[in-house]
> 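First the structure, which I've put down as structure tokens, then a few questions once you've had a look.
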Amino acid sequence: MNVVALAGGVGAARFLTGLVRAVDPSALTVIANTGDDLRLHGLHVSPDLDTITYTLGGGVHPEQGWGRADETSTVATELAQRYGRPSWFTLGDRDLATHLVRSERLAAGASLSQVTAEIAGAWGLPFVLLPMTDDPVETRILTTDGRDLGFQRWWVGERAAPAVERVWLAGAERSRPAAGVLTAIEQADVVVLCPSNPVVSIGTILAVPGIRSALLPATVVGVSPIVGGRVVRGMADRLLPAVGANVNAAGVARLYADFLDGWVIDDADAALGEQIAAQGPKVAVTDTIMDTVEVTESLARTVLGLA
Ligand code: GDP
Ligand code: CA
């Protein structure tokens, strides 16, 4: 069975640890958001690709769920203290190796998808990992106080405090799906929407021209990232109102109404099941809090069962 997963960062990576136990990973393609990518100290940083790579490669920081295990910050300290470089986004020493390799290969003319495959190979990932696009795109946030901020500036730099007026993927119109993305979706028996941010992870992937329309004929099943009207982690609750969506499992499903065939919601949201089913998708209710790999694998099996 060919499976495609659309993925953001931490929530997606955790889900994928269960999915690779439930499917043959050699038939899995993961398509990741690159709207969060940023340049720092001259380096190309791809937070969601790296979170997935480190998590599935066994090198992620276990408590944070992003960044490297056994990390140090010697370089970041030197950059900030000796050179007065901006320190709102810290890159750990081990993590820097990834950004150095990526930046060097991109400067030599490799595409982001080529470099991503090389890095994934170095980590022994058993599936294909693709960026949503090889083209430069950037998630931007317009705050209600009139500032146009890069996503990481708003989220990491300002801790998602400024209220949000509008969110968009800058450069989307000129972007194309990365090589392999549309073919993987066409050949998929099921496309899974990981429990990822519906606005700045799944929403940005859908903003790349051609991806959303490719999902229309596909079998698409997702996991709600909103449980009991709240985020499990992250800031989707700050962004859903800006796209006119209710902060609950039904509001997120509605964002995908044109292509969604199945929606897995948490036991806590069982009462929303009927309302969601009336919007179109089949609904499954289960434990979606991925605090052990066993629960996560069982969640992945529920997703595949619904497909
Ligand atoms: P992303 O993966 O980069 O989009 O970002 P995050 O990992 O920060 O979180 C994305 C979404 O996943 C958020 O809306 C979280 O509420 C959701 N999420 C994170 N962990 C879990 C979980 O264990 N279960 C469910 N259902 N959702 C989760
Ligand atoms: Ca992300």
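Indexing begins at 1, ligand by ligand and atom by atom, following the structure's order. Predicted, not measured: the structure shown is a model, and the values here were computed from it.
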> On a heavy-atom basis, I'd like to know which of Pro225, Ala249, Pro47, Ser224 is closest to atom 26 (N) of ligand 1.
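Comparing heavy atoms across Pro225, Ala249, Pro47, Ser224, the nearest one to atom 26 (N) of ligand 1 lies in Ser224.
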> I'd like to know if the side chain of Arg105 pairs up with that of Gln114 as donor and acceptor (distance under 3.5 Å, no hydrogens or angles considered).
no
> Can you tell which part of Ala7 has a heavy atom less than 4.0 Å from ligand 1: side chain, backbone, both or neither?
neither
> Distance under 4.0 Å to a non-hydrogen atom of Val227: what atoms of ligand 1 satisfy this?
26 (N)
> More than 12 heavy atoms of other residues, nucleotides or ligands under 6.0 Å from CZ of Arg68: is that the case?
yes
> Where do Leu125 and Gly57 come nearest, in terms of heavy atoms and distance?
CD2-N, 3.6 Å
> So which bit of Ala236 gets within less than 4.0 Å of ligand 1, heavy atoms only: side chain, backbone, both or neither?
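The answer is the side chain.
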> With respect to Val223, determine whether any N or O atom, backbone or side chain, lies less than 3.5 Å from an N or O atom of ligand 1.
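There is no such contact.
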> I need the contact type for Thr51 against ligand 1. Using non-hydrogen atoms and a strict under-4.0 Å cut-off, is it side chain, backbone, both or neither?
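Looking at Thr51 and ligand 1, no heavy atom falls under 4.0 Å.
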> Using heavy-atom distances only, which candidate in Asn197, Asn33, Val232, Ile289 approaches atom 28 (C) of ligand 1 most closely?
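Nearest option to atom 28 (C) of ligand 1, by heavy atoms: Val232.
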> Are there more than 12 heavy atoms of other residues, nucleotides or ligands under 6.0 Å from atom CZ of Arg174?
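Not more than 12 within 6.0 Å, no.
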> So is Gly9 polar-close to ligand 1, meaning N/O to N/O under 3.5 Å?
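Checking ligand 1 against Gly9, an N or O pair does fall under 3.5 Å apart.
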> Would Asp266 count as a contact of ligand 1 if the rule is a heavy atom under 4.0 Å away?
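No, that is not the case, since the closest heavy atom of the residue is not under 4.0 Å from the ligand.
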> Looking at Glu173, I want to see if its CD is surrounded by more than 12 non-hydrogen atoms of other residues, nucleotides or ligands under 6.0 Å.
yes
> Within ligand 1, which atoms have a heavy atom of Ala12 less than 4.0 Å away?
2 (O)
> Compare Pro198, Gly228, Gly234, Pro195 and give the one whose heavy atom is closest to atom 11 (C) of ligand 1.
Pro195
> Could you tell me which atoms of ligand 1, counted from 1 in the order shown, lie closer than 4.0 angstrom to a heavy atom of Arg233?
6 (P), 7 (O), 8 (O), 13 (C), 14 (O), 15 (C), 16 (O), 19 (C), 20 (N)
> For Ser201, which part has a heavy atom under 4.0 Å from ligand 1: side chain, backbone, both, or neither?
side chain
> Starting from the C-alpha separation in whole Å, work towards a yes-or-no answer on side chain to side chain contact (heavy atoms under 4.5 Å, CB included) for His44 and Leu112.
CA-CA 10 Å; His44 184 114; Leu112 183 60; 4.2 Å; yes
> Using a strict 4.0 Å cut-off to heavy atoms of Asp48, name the atoms of ligand 1 that fall inside it.
3 (O)
> Does a donor on one side chain sit under 3.5 Å from an acceptor on the other, for Asn33 and Thr204?
yes
> First locate atom CG of Asp148, then atom CZ of Arg140, and finally report the distance between them rounded to the nearest 0.5 Å.
4.0 Å
> Where the side chain of Thr51 meets the backbone of Asp48, is there a donor-acceptor pair that is under 3.5 Å apart?
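Checked: no pair found.
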> Which ligand 1 atoms does Thr288 reach within 4.0 Å, using its non-hydrogen atoms?
22 (C), 23 (O), 24 (N), 25 (C), 26 (N)
> How about Trp168: does its CH2 atom have over 12 heavy atoms from other parts shown lying under 6.0 Å from it?
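Yes.
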